Protein chains: 2
Amino acid sequence: MGITKVDGFTPEVTQMAEILKALGHPARLAIMEYLINSPDCINGDLVDHLPLAQSTVSRHLSELKKVGLIKGTITGNCISYCINEEVWNKIKVFFNSSSDQITPGKSCAC
Amino acid sequence: MGITKVDGFTPEVTQMAEILKALGHPARLAIMEYLINSPDCINGDLVDHLPLAQSTVSRHLSELKKVGLIKGTITGNCISYCINEEVWNKIKVFFNSSSDQITPGKSCAC
DNA sequence: TTTAAATATCGTAATATTGCGATATGGGAA
DNA sequence: TTCCCATATCGCAATATTACGATATTTAAA
C-alpha cells in the first residue's frame, strides 16, 4: 500500500512521527545541523555542502518547512532560513520526558 | 528514484537518520511509547493496542529491532521485547547537544 | 525593461514503504 | 506426536519517496 495509517493513533504521536520522519533522512538531518551551526541563518551555499542537486536540496528544505522544523523566507538573493527552535525544543522535551519514564534496569528476560 | 543517497554524508548523520526514520511512523512511535510504559517488557497484547494487523505489527517490530531501538527475543509464548536504552539515550544526547549549539535569539531576517 | 542570480516547481523514472491476508515457524501442552 | 497458540515471513498491490534535469519564478541590478 505505502499509505501510512493514521486512524487509531493520538494526534500527538502522529505529529511527532511526522517530524521525526522529516528528520529521518541524511540530507535533511545534515541540513538541520548546518542551520544549527550557521549563526546567521544564511544557507546560500548549502547546496555546495551537500552531495545533491539544487532542486533536490530545495525539495528537502520544503519538507522541513512543511513540518515546521525550519522557518524563514527567501527575498531576492537574501536567503533566510533558520531553525524553528520551538519545534526543535519540542523534540528534545519528547525524548527527555520519555527517558524519565523508562524503568531503570528493566529486565528483558522471562 | 526512491533511493536515498548516502555518499557524502558522515556515518554519524547517516546512522542517526536511520534511527529517526524508524521512529518516523505513528505505529512505531506508539510501539516505543508502549514499551517505555510497560515495566515488564511484555508486549503480547501489543496488537490489541494498535489499529494494525498482527503481521504489520510484527514487521514494524522487525524494523525497530533492525536499527537497534529495541532488543529482546521471543521464546515460545514468552514475549520479551524492550527498549534499548543505550540507543534511546543516544538520541536524547543528540538533540540535547544540538540544542546547545543553537545561537539564542538568532535573527532570521536579512 | 532586460539581464543575471538564485531558489522553487514540474515531470519523470526507479525504488522504497506500507498494509493485509495467507502461510510458515516455533514452543508448550495435552 | 499432535494440537494449539503466538509471532515471523512471504507475496502482493497500492502508494510514497527520492533524485535529477529542465523549466518556471522571483528579485535585484544594469
Side-chain angles (χ1 to χ4, degrees), chain A residues 1-9 13-14 17-31 34-35 41-67 70-82 109-110, chain B residues 1-9 13-14 17-31 34-35 41-67 70-82 109-110:
Chain A
M1 295 191 170
I3 189 167
T4 298
K5 233 182 183 179
V6 165
D7 301 5
F9 298 105
V13 164
T14 301
E18 271 184 358
I19 294 171
L20 295 177
K21 182 181 181 181
L23 289 176
H25 188 286
R28 292 194 288 266
L29 200 56
I31 289 173
Y34 181 81
L35 288 182
C41 297
I42 291 173
N43 67 326
D45 53 351
L46 180 57
V47 175
D48 301 333
H49 286 267
L50 299 173
L52 296 167
Q54 179 268 329
S55 60
T56 306
V57 173
S58 180
R59 182 183 280 260
H60 284 308
L61 283 170
S62 173
E63 293 204 43
L64 288 172
K65 194 172 183 181
K66 194 178 68 180
V67 299
I70 64 175
K71 58 184 178 181
T73 48
I74 307 288
T75 57
N77 61 355
C78 171
I79 306 103
S80 176
Y81 268 145
C82 67
C110 296
Chain B
M1 295 190 173
I3 188 167
T4 298
K5 233 182 181 179
V6 165
D7 301 6
F9 298 105
V13 164
T14 301
E18 272 184 356
I19 293 171
L20 295 177
K21 182 181 182 182
L23 288 176
H25 188 288
R28 292 194 289 267
L29 199 57
I31 289 173
Y34 182 80
L35 288 182
C41 297
I42 291 173
N43 68 327
D45 54 351
L46 180 58
V47 175
D48 301 332
H49 286 266
L50 299 173
L52 296 168
Q54 178 267 329
S55 60
T56 306
V57 173
S58 180
R59 182 185 280 259
H60 284 309
L61 283 170
S62 173
E63 293 204 43
L64 288 172
K65 193 171 182 181
K66 193 178 69 180
V67 298
I70 63 175
K71 58 185 178 182
T73 47
I74 308 289
T75 56
N77 60 356
C78 172
I79 306 102
S80 176
Y81 268 144
C82 66
C110 295

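Residue numbers begin at 1 in each chain, while the letters A, B, ... track the order of the sequences. Given the structure is predicted, the values throughout are model-derived calculations rather than measurements. All heavy atoms count here, side chains included; hydrogens, waters and symmetry mates do not.
- For the side-chain contact (heavy atoms from CB on, under 4.5 Å) test, residues two or more places apart in sequence or in another chain that qualify with A:Ser55 are A:Ala53.
- When all heavy atoms of A:Ala30 and B:Val13 are compared, the pair lying nearest together is N-CG1, 4.2 Å.
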Taking only N/O atoms, report every protein-nucleotides 21-24 of chain D pair under 3.5 Å with atom names and distance.
residue : atom : partner : partner atom : Å
D:dG21  : N7   : A:Ser55 : OG           : 3.3
D:dG21  : O6   : A:Ser55 : OG           : 3.1

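- Distance OH (B:Tyr81) to P (D:dA6): 16 Å, rounded to an integer number of Å.
- At distances below 3.5 Å, not a single donor-acceptor pair connects side-chain atoms of A:Lys5 with backbone N or O atoms of B:Leu52.
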Where do N or O atoms of nucleotides 15-17 of chain C meet protein N or O atoms at under 3.5 Å, pair by pair?
residue : atom : partner : partner atom : Å
C:dT15  : O4'  : B:Met1  : O            : 2.5
C:dT15  : N1   : B:Met1  : O            : 3.4
C:dA16  : O4'  : B:Gly2  : O            : 3.3
C:dT17  : OP1  : B:Lys21 : NZ           : 2.8
C:dT17  : O2   : A:Gly2  : N            : 3.3

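- The CD1 atom of A:Ile31 sits 10 Å away from the P atom of D:dA19 (whole-angstrom rounding).
- What you find for A:Pro51 and B:Gly8 is that their closest heavy atoms are CG-CA, 3.9 Å.
- If you measure from atom CG of B:Leu61 to atom P of D:dA6, you get 16 Å, rounded to the nearest angstrom.
- Atom CG of B:Leu61 and atom CD1 of B:Ile70 lie 5.0 Å apart (nearest 0.5 Å).
- In this structure, A:Asp7 places its CG atom 11 Å from P of C:dG19, rounding to the nearest Å.
- Summarising the geometry, the separation between CG on A:Leu52 and P on C:dT7 is reported as 14 Å, rounded to the nearest angstrom.
- Along DNA chain D, the nucleotide closest to A:His60 and the one closest to B:Arg59 are compared, and the more 5′ of them pairs with B:Arg59.
- The side-chain heavy atoms of B:Leu64 and B:Leu35, taken from C-beta on, include no pair separated by under 4.5 Å.
- Separating the CG atom of B:Leu50 from the C1' atom of D:dA6 is a distance of 16 Å, rounded to the nearest angstrom.
- Side-chain contact between B:Ser62 and B:Lys66 is absent, with no heavy-atom pair separated by less than 4.5 Å.
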Could you pull out all donor-acceptor pairs under 3.5 Å where a side-chain atom in residues 20-29 of chain B meets a protein atom, sequence neighbours excluded?
residue : atom : partner : partner atom : Å
B:His25 : ND1  : B:Ala27 : N            : 3.0
B:Arg28 : NE   : B:Ala22 : O            : 2.5
B:Arg28 : NH1  : B:His60 : ND1          : 3.0

